[in-house]
Peer 1: 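Got a structure for you, questions after.
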Amino acid sequence: MSEFIPGYNHKTIEAKWQERWQKHACFQAENFSEKPKYYALVEFPYPSGVGMHIGHMRAYMSLEVISRKRRMEGYNVMFPLGFDAFGLPTENYALKHNIHPRTVTDDNIASFLEHIKKTGFSFDLSRKVDTTDPEYYKFTQWIFLKMYEHDLVYRSKTYVNFCPDCKVVLSNEESQGGSCDRCGSDVVQKEKDVWFLKITAYAEKLLEGLKHFDSPQRIATEQEKWIGKSFGAEMRFPLKDQPDYLEVFTTRPDTVFGATFMVIAPEHQIIDRYKDTIHNMDAIEAYRQQAKLKTEFERVQLQKDKSGVRLEGLMAMNPFTQRPIPIFIADYVMITYGTGAIMAVPGHDQRDYDFAKKYDLPIIEVIQGGDLSQAAFTDIEQGILINSGFLNGLSVKQAIHTMIQHLESQNLGHEKIQYKMKDWAFNRQRYWGEPIPIIYCPTCGIQPVPYEDLPVRLPMVEHFQPTESGDSPLANIESFIHCSCPKCKGPARRETDTMPQWAGSSWYFLRYMDPKNPEVLASMDLLKYWGPIDWYNGGMEHVTRHLIYSRFWNHFLHDIGVVPFGEPYLKRTAQGLILGEDGEKMSKSRGNVVNPLEIISEYGADTLRAYILFIGDYEMATPWNENGLKGCRRFLDKIWRLIPKVVDRPEQSDAIETSVHKTIKGVNDDYENLKFNTAIAKMMTLVNEMGQLDHVRRHDFEVLLKLLNPIAPHLCEEVWEMLAHKTMLVAESWPTFDPEKLIEDQVEIVININGKVRDKMMLEVDADDARVTERALEREKVREWIQDKPIRKIIVVTNKLINIVI
RNA sequence: GCCGGUGUGGUGAAAUUGGUAGACACGAUGGACUCAAAAUCCAUUGCCUUAAACAAGCGUGUCGGUUCGAGUCCGACCACCGGUACCA
């Protein structure tokens, strides 16, 4: 790795300009400037121990280029960075090495900042935020309390992964394959009280907002699918011989005449309600126990193999056929979706069909068009209702509509819009997170912490090991737990759970606009000036979680009048992964990780920045290849070697004038469209052309420096200074092109014969069809091909080609 | 299974609305410079036939279609990557 590379000295040049930019605060955004504002945002990092990796650099480089370009275009640019520093890896590292997470976090942030500087990023670090700073999480807690005040927070029971041996709650990641990460014993589902944020109340707003969201289709589609809106009906099925009913959600109310049984989730309450009526409770309980033990992993494996148990002694009535139908419990019905109960229509739902075949239940055809001896017929675009009373003869869509009207008029049910998105389980049994600002009083019950008592500080203690009971480590800290009730002033206990990793990142982009404000999360004036975010870039992996969560919080803050805009992001893009040289995802365990600091030391930051952009399509995954790096370094060295050729005299300028203007246009457009790889290729071409000349006109060379500056700013500043400029390149304006200069006077016309290239000729620009034809037919090669065959057709594309069909 | 994406030289990859496939770069080969090497510069570099081409043929995952003309559009399929998971 210590190969000697001649050319410019990147070490001295890069350090020099990094110092100078810092000294002159070149990248500080100015509040209320006269210039138009531009807010470019990248996802803030989790400051892990290894510091910045190649993936971070790629994620930041797009808007780094755009920010530097925007500044030259005359915008007041805010391009901030901060740290999302709460989280499990830090806590685990701290436990293992017996260092406090605060110390670990501070160290990691310091080294990350050092890496940022060494790569020459133009972040405004005077605005940096740290989610673990009490002055920051004070407002994270404040937002939680506001949501509590507006009934968007509730407490409810849910099932969590639990290891009975370790007595600890596990995350999905810690219980993969159904066994505990620590001891290997089987994980069970345990019911637990959980704080929920009612994000489903914002489902419609989040969906609606996507319409005004500038992003590649894949990003909007993923969010749409995550929200998972479906349209249907809720309807009631009476129980036989009981004054009671089962309510189901269905997207196919039209098929109700074909409902021959019902299935409810194992957890459904009706089972306990009728435990004296049901006479096979032993079998039911056994199945419920078994379902509880089933992990996510097993459920996936057993997907096709449906099992269930019939409730003996309890039947439902199909309200339309008036026939009694059996009720089953089966784990293919989820308690968390819809009503936890379904009407099973085996003729027109594949899962119900499989279940009916297994348990030998009747299958009734109510929509004509399929072959029910083979599979359920589920096509909603075609098929006519049969065996369905008043629906007979209707199409599926008509029948759905008619049925819903009927249900509502007869008071049997109603239209229902259902979402797949679930409310957000908002607590974790962990130390290194924001304490949830709630107090339990033995007399007054659950009490929110008064706003003026915020922040509820995380106690800085030495021991924060997880507890045996599965409670948060905070439950062991006496000084934290005990407090007084805000209402009756009597002794009370604090909530000991903390917020999830996603909390602090759900509003950080607002804090950048006013990072030091002690009173409010950000002042209205500054929010109005800077917001919303003009361009947000980040990873695809955050599109469904972080993006949805943060949009939810922002909409809420907008609704309560704290933030002046509903949708926080005007535009969102996502970078592709950089894979290891072996084409696999970079990871420590695979040993294919590339360390940016080593590359910077050997080749320089500018080379690394250029290569990260040149490596391939920015939005797609691509493998790392160290050889490509050398090409980028050679490109920068070539520019360095051009310096002696630079002259003030204008002769020679005509030779590459068109190229210069074309390059300005091409590079400009490519930057805006994230096509950095082709932008660099265009500049390489221009540099190669300049290399052919004896002299390079100063103006042309300076255009090149400006275009390249967003990518290789250190080198460009240095060369700019060598050209006897007193001001910095960061303060220069972005080059423009003259559309007239793009036009060449001669173009190459391709001559096709029967669609195959047979000849080429140079011709003046915009020659008309007749002239192109005439000149083409004069050509010897063309005549040889045609000989005496008749010409059937001639197609001319101006300035491009002529196709002669014979 | 479903949804999304991708498939182009030895390699990373380019290619406005269908209009010269392989830009740019890496690597490789030959040459110049050098005592030599590195660096730099020049030339060649999709495959095949050929002594060589100024020549012909083939070529963008597979098969078929539309068109004067298809990497690009349409239909069927295959492979890989990512997301998701019994959502009624």
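Letters A, B, ... are given to chains in the order of the sequence lines, protein chains preceding strands, and every chain is numbered from 1.
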Peer 1: Taking only nitrogen or oxygen atoms into account, show me every contact under 3.5 Å that the protein makes with nucleotides 71-77 of chain B, one pair per line with its distance.
Peer 2:
none

Peer 1: Output yes when at least one side-chain N/O atom of Asn677(A) is less than 4.0 Å from OP1 or OP2 of A14(B), else no.
Peer 2: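 So the side-chain polar atoms of Asn677(A) do come within 4.0 Å of the phosphate oxygens OP1 or OP2 of A14(B), strictly under.
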
Peer 1: When rounded to the nearest Å, what value does the distance between C1' atoms of A56(B) and U50(B) take?
Peer 2: 11 Å

Peer 1: For ring pair (Phe, Tyr, Trp, His ring centres under 6.0 Å), just list the numbers for Phe355(A) and Phe328(A), CA-CA rounded to whole Å, side-chain angles, deciding distance to a tenth of an Å, and then say yes or no.
Peer 2: CA-CA 10 Å; Phe355(A) 195 84; Phe328(A) 287 79; 5.2 Å; yes

Peer 1: Name the orientation class of the two ring planes belonging to Phe377(A) and His348(A) (parallel below 30°, tilted from 30 to 60°, perpendicular beyond 60°).
Peer 2: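 Rings of Phe377(A) and His348(A): perpendicular, over 60°.
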
Peer 1: Using a 4.0 Å heavy-atom cut-off, write out nucleotides 25-34 of chain B from 5' to 3' as B (base contacted by protein), S (sugar-phosphate only) or - (no contact).
Peer 2: SSS-------

Peer 1: When you measure from the side-chain N and O atoms of Lys793(A) to the phosphate of C68(B), is any distance below 4.0 Å, counting only OP1 and OP2?
Peer 2: yes

Peer 1: Run through Asp352(A), Thr260(A), Leu372(A) and flag the one making a side-chain contact (heavy atoms from CB on, under 4.5 Å) with Ile363(A).
Peer 2: Leu372(A)

Peer 1: For nucleotides 4-8 of chain B, which of its nitrogen or oxygen atoms have a protein nitrogen or oxygen under 3.5 Å away, and what is each distance?
Peer 2:
none

Peer 1: Can you name the atoms? Protein N/O to nucleotides 78-84 of chain B N/O, anything below 3.5 Å, with the distance.
Peer 2:
none

Peer 1: Output yes when Arg633(A) and Asp637(A) qualify as a salt bridge under the 4.0 Å nitrogen-oxygen rule, no when they do not.
Peer 2: yes

Peer 1: Is the backbone of Leu707(A) close enough, under 3.5 Å, to the side chain of Tyr671(A) for a donor and an acceptor to pair up by distance?
Peer 2: yes

Peer 1: Quick one: CD1 on Ile404(A) to CD on Glu415(A), what's the gap to the nearest 0.5 Å?
Peer 2: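 If we round to the nearest 0.5 Å, Ile404(A):CD1 and Glu415(A):CD are 5.5 Å apart.
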
Peer 1: Do the side-chain N or O atoms of Thr622(A) get closer than 4.0 angstrom to the phosphate oxygens (OP1, OP2) of A13(B)?
Peer 2: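 Yes, such a contact exists.
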
Peer 1: Is G5(B) in the syn or the anti form, by the rule that syn lies within 90° of 0?
Peer 2: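 Anti, which is what one calls it when the glycosidic angle falls more than 90° from 0.
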
Peer 1: Can you list, pair by pair, the side-chain donor-acceptor contacts under 3.5 Å of residues 677-685 of chain A, counting residues two or more places apart and other chains?
Peer 2:
from      : atom 1 : to        : atom 2 : distance (Å)
Thr678(A) : OG1    : Asp670(A) : OD2    : 3.0
Thr678(A) : OG1    : Lys675(A) : O      : 3.1
Lys682(A) : NZ     : Asp670(A) : OD1    : 3.4
Lys682(A) : NZ     : Asp670(A) : OD2    : 2.7
Thr685(A) : OG1    : Ala681(A) : O      : 2.8

Peer 1: Tell me the stems RNA chain B sits in, counting at least three consecutive Watson-Crick or G-U wobble pairs, each under 3.5 Å on both distances.
Peer 2: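 For RNA chain B the paired stretches long enough to count as stems (3 pairs minimum) are B:1-7 with B:78-84, B:10-12 with B:24-26, B:27-32 with B:40-45, B:61-65 with B:73-77.
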
Peer 1: Is it true that a side-chain atom of Arg779(A) and a backbone atom of Lys760(A) form a donor plus acceptor pair closer than 3.5 Å?
Peer 2: yes

